[in-house]
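Taking it in order: structure first as structure tokens, then the write-up.
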Amino acid sequence: MIPETAVSNSEKAYALLKADADKILKLIKVQMDNLTMPQCPLYEEVLDTQMFGLSREIDFAVRLNLVNAEDGKKLLENLERQLNVLHEAAQNS
């Protein structure tokens with residue numbers, strides 16, 4: 001049986017990672033709506049930096065056994081899918 005504290009910490013870690021993923025999505029959406037187009041080097045730089053940072057956070061949480069590796073991978077994949085939808089919408093408008 002997993003100690004209650006471990007479950008609580010795991011849930012908190014995942015919630016924090018999910019919140020960071022949501023912040024990235026919101027940041028990119030605001031940037032696309034108001035500042036730059038997806039072809040802009042600044043857009044690419046922000047996106048790459050944010051995604052790299054989140055992937056490192058997830059790796060750290062996985063190494064601490066706070067987050068399941070598969071859950072972390074799914075979180076990144078979901079964010080990438082959402083960002084692709086935003087990118088396609090910007091391209092078509």
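Residues take their numbers from the sequence shown, with the count starting at 1.
Every side chain to side chain contact (heavy atoms under 4.5 Å, CB included) that Thr49 has, sequence neighbours left out, goes to Glu45.
We find the CD1-NZ distance between Ile58 and Lys18 to be 11.0 Å, quoted to the nearest 0.5 Å. The line from CG of Leu79 to CD1 of Ile28 is 9.0 Å long, rounded to the nearest 0.5 Å. In this structure, CD on Gln82 lies 10.5 Å from CG on Asn84, to the nearest 0.5 angstrom. Going from atom CG of Leu27 over to atom CG of Asp20 covers 11.5 Å, rounded to the nearest 0.5 Å. Glu80 contributes atom CD, which lies 10.0 Å from atom CG of Leu75 (distance to the nearest 0.5 angstrom).
Of the possible polar contacts, none joining the Asn78 side chain to the Lys74 backbone as a donor-acceptor pair under 3.5 Å is found.
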Identify each donor-acceptor pair in which a side-chain atom of residues 61-70 lies under 3.5 Å from a protein atom, sequence neighbours left out, and give them as a table.
from: Asn68; atom 1: OD1; to: Glu70; atom 2: N; distance (Å): 2.6
from: Asn68; atom 1: OD1; to: Asp71; atom 2: N; distance (Å): 3.3

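Side-chain contact between Leu16 and Glu57: absent, with no pair of heavy atoms (C-beta onward) separated by less than 4.5 Å. Taking 4.5 Å as the limit, every side-chain heavy atom of Met51 sits out of range of all side-chain heavy atoms of Ser55. Side chains of Lys23 and Gln50 form no contact here, defined as non-hydrogen atoms less than 4.5 Å apart.
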